[in-house]
Amino acid sequence: MKASVRKNGHAHRQVAIRVLGQREGVPYEVERTVCVDCREVISERPLRRAAA
């Protein structure tokens with residue numbers, strides 16, 4: 001996976017995590033791609049509706 005580079009030279013080391021989130025009151029399982037070093041969320045996508 002290609003690491004993106006910010007202006008200050010920091011190269012993001014990406015890791016995918018799964019969390020529970022809500023959209024319009026409905027619980028969803030969400031996959032977030034975050035940087036290991038700075039914890040910045042790089043991308044986020046809903047996977048499926050979670051059990052309530």
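Throughout, numbering of the chain's residues begins at 1 and tracks the sequence.
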Original post:
Do the non-hydrogen side-chain atoms of T33 and V15 ever get within less than 4.5 Å of each other?
Top reply: no
Subject >> From E31 atom CD to E44 atom CD, the distance as rounded to the nearest 0.5 Å >> reply: 10.5 Å
Subject >> Student check: side-chain heavy atoms of D37 and H12 closer than 4.5 Å >> reply: no
Original post:
What pair of heavy atoms forms the shortest contact from L20 to E29, and how long is it?
Top reply: CD2-CA, 4.2 Å
Subject >> Flag side-chain contact, heavy atom, 4.5 Å: R23 against P46 >> reply: yes
**OP:** Dump the intermediate steps for side-chain contact (heavy atoms from CB on, under 4.5 Å) on R18 and L47, then the final yes or no.
**Re:** CA-CA 9 Å; R18 291 186 176 195; L47 295 176; 3.6 Å; yes
Subject >> Same apolar cluster (I L V M F W Y, side chains within < 4.5 Å links), I42/V19 >> reply: no
**OP:** Can you measure from CZ (R32) to CD (E40) and round to the nearest 0.5 angstrom?
**Re:** 13.0 Å
